[in-house]
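Report on the structure given below.
Predicted model, so just to flag it, every value in this text is computed and none were measured. Keep in mind that the numbers below use all heavy atoms, side chains included, and drop hydrogens, waters and symmetry copies. The first residue of the sequence shown is numbered 1, and numbering continues consecutively from there.
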Amino acid sequence: MTIVATLDDSNRASTVLSHASTLASDLDEPLYVLHVLRRSTLASVLEKEVKGQAVTENYEIQRIGDELVEKAAVNTEITHDPDAIKTVVRVGDPAEEIRSYGEEVGARCIVVGGRRRSPTGKVLFGSVVQQVMLTASVPVLNVPTEND
């Protein structure tokens, strides 16, 4: 089993990584960090066509995930061994990719960090965190964070 931390490029990433690291360390579980790129964002990341290579195996895409972890770890207390953190980047719908990845790796828990929204905001714009919490087959920890 593993702990899966979901990071985006917001200020919430450090808080999510810190909580996930503590949880993984306390439970003596591996820590995987997942970042999901939307397909629309992928076009701007890849300036050249990649033939015969899975999109998620591309160096440029993997580098995005690694940089997010490095940025989030700068002023964060990481209690888990930083060298043992596995970074994974997926492309697609964030809620679906988070849910399916958690199932694929047999996650013990998925750690997310949502921002505060009004009930109307949730209805109009949706919420990745809310969708993950409602559809995941494993426990989801929503880390409280400051508004960005």
(request) Would you confirm whether Ser18, through its side chain, and Ser14, through its main-chain N or O, come within 3.5 Å as a donor-acceptor pair? (result) no
(request) Applying side chain to side chain donor-acceptor pair (under 3.5 Å), name anything that partners Glu96, two or more places apart in sequence or on another chain. (result) Arg99
(message) If you compare all heavy atoms of Pro94 against all heavy atoms of Val36, which two are closest, and at what distance to 0.1 Å?
(response) CA-CG1, 3.6 Å
(message) Ignoring hydrogens, what is the shortest heavy-atom contact between Asp8 and Arg12? Give both atom names and the distance.
(response) OD2-NH2, 2.7 Å
(message) Return the OG1 to CD1 distance between Thr22 and Ile3, rounded to the nearest 0.5 Å.
(response) 11.0 Å
(request) Measure across Cys109 and Leu23 and return the closest heavy-atom pair with its distance rounded to 0.1 Å. (result) SG-CD2, 3.9 Å
(request) Kindly give the heavy-atom pair with the smallest separation between Ala5 and Val16, and that separation in Å. (result) CB-CG1, 4.3 Å
(request) Determine the minimum heavy-atom distance between Ile78 and Ala73, stating which atoms define it. (result) CD1-CB, 4.0 Å
Under 3.5 Å, sequence neighbours excluded: what are the donor-acceptor pairs made by side chains of residues 25-35?
{"unit_1": "Glu29", "atom_1": "OE2", "unit_2": "Arg108", "atom_2": "NH1", "d": "2.9"}
{"unit_1": "His35", "atom_1": "ND1", "unit_2": "Leu7", "atom_2": "O", "d": "2.8"}

(request) Using side-chain contact (heavy atoms from CB on, under 4.5 Å) as the criterion, list what pairs up with Asp9, not counting sequence neighbours. (result) Leu68
(request) Over all heavy atoms of both residues, which pair between Val4 and Ala107 is shortest? Give the atoms and the distance, please. (result) CG2-CB, 3.8 Å
All N/O donor-acceptor pairs, side-chain side in residues 134-143, below 3.5 Å, sequence neighbours left out:
{"unit_1": "Thr135", "atom_1": "OG1", "unit_2": "Gln131", "atom_2": "O", "d": "2.7"}
{"unit_1": "Ser137", "atom_1": "OG", "unit_2": "Glu103", "atom_2": "OE2", "d": "3.2"}
{"unit_1": "Asn142", "atom_1": "OD1", "unit_2": "Gly114", "atom_2": "N", "d": "3.3"}

(request) Using a 4.5 Å cut-off on heavy atoms from C-beta on, say whether the side chain of Thr6 contacts that of Ile110. (result) yes
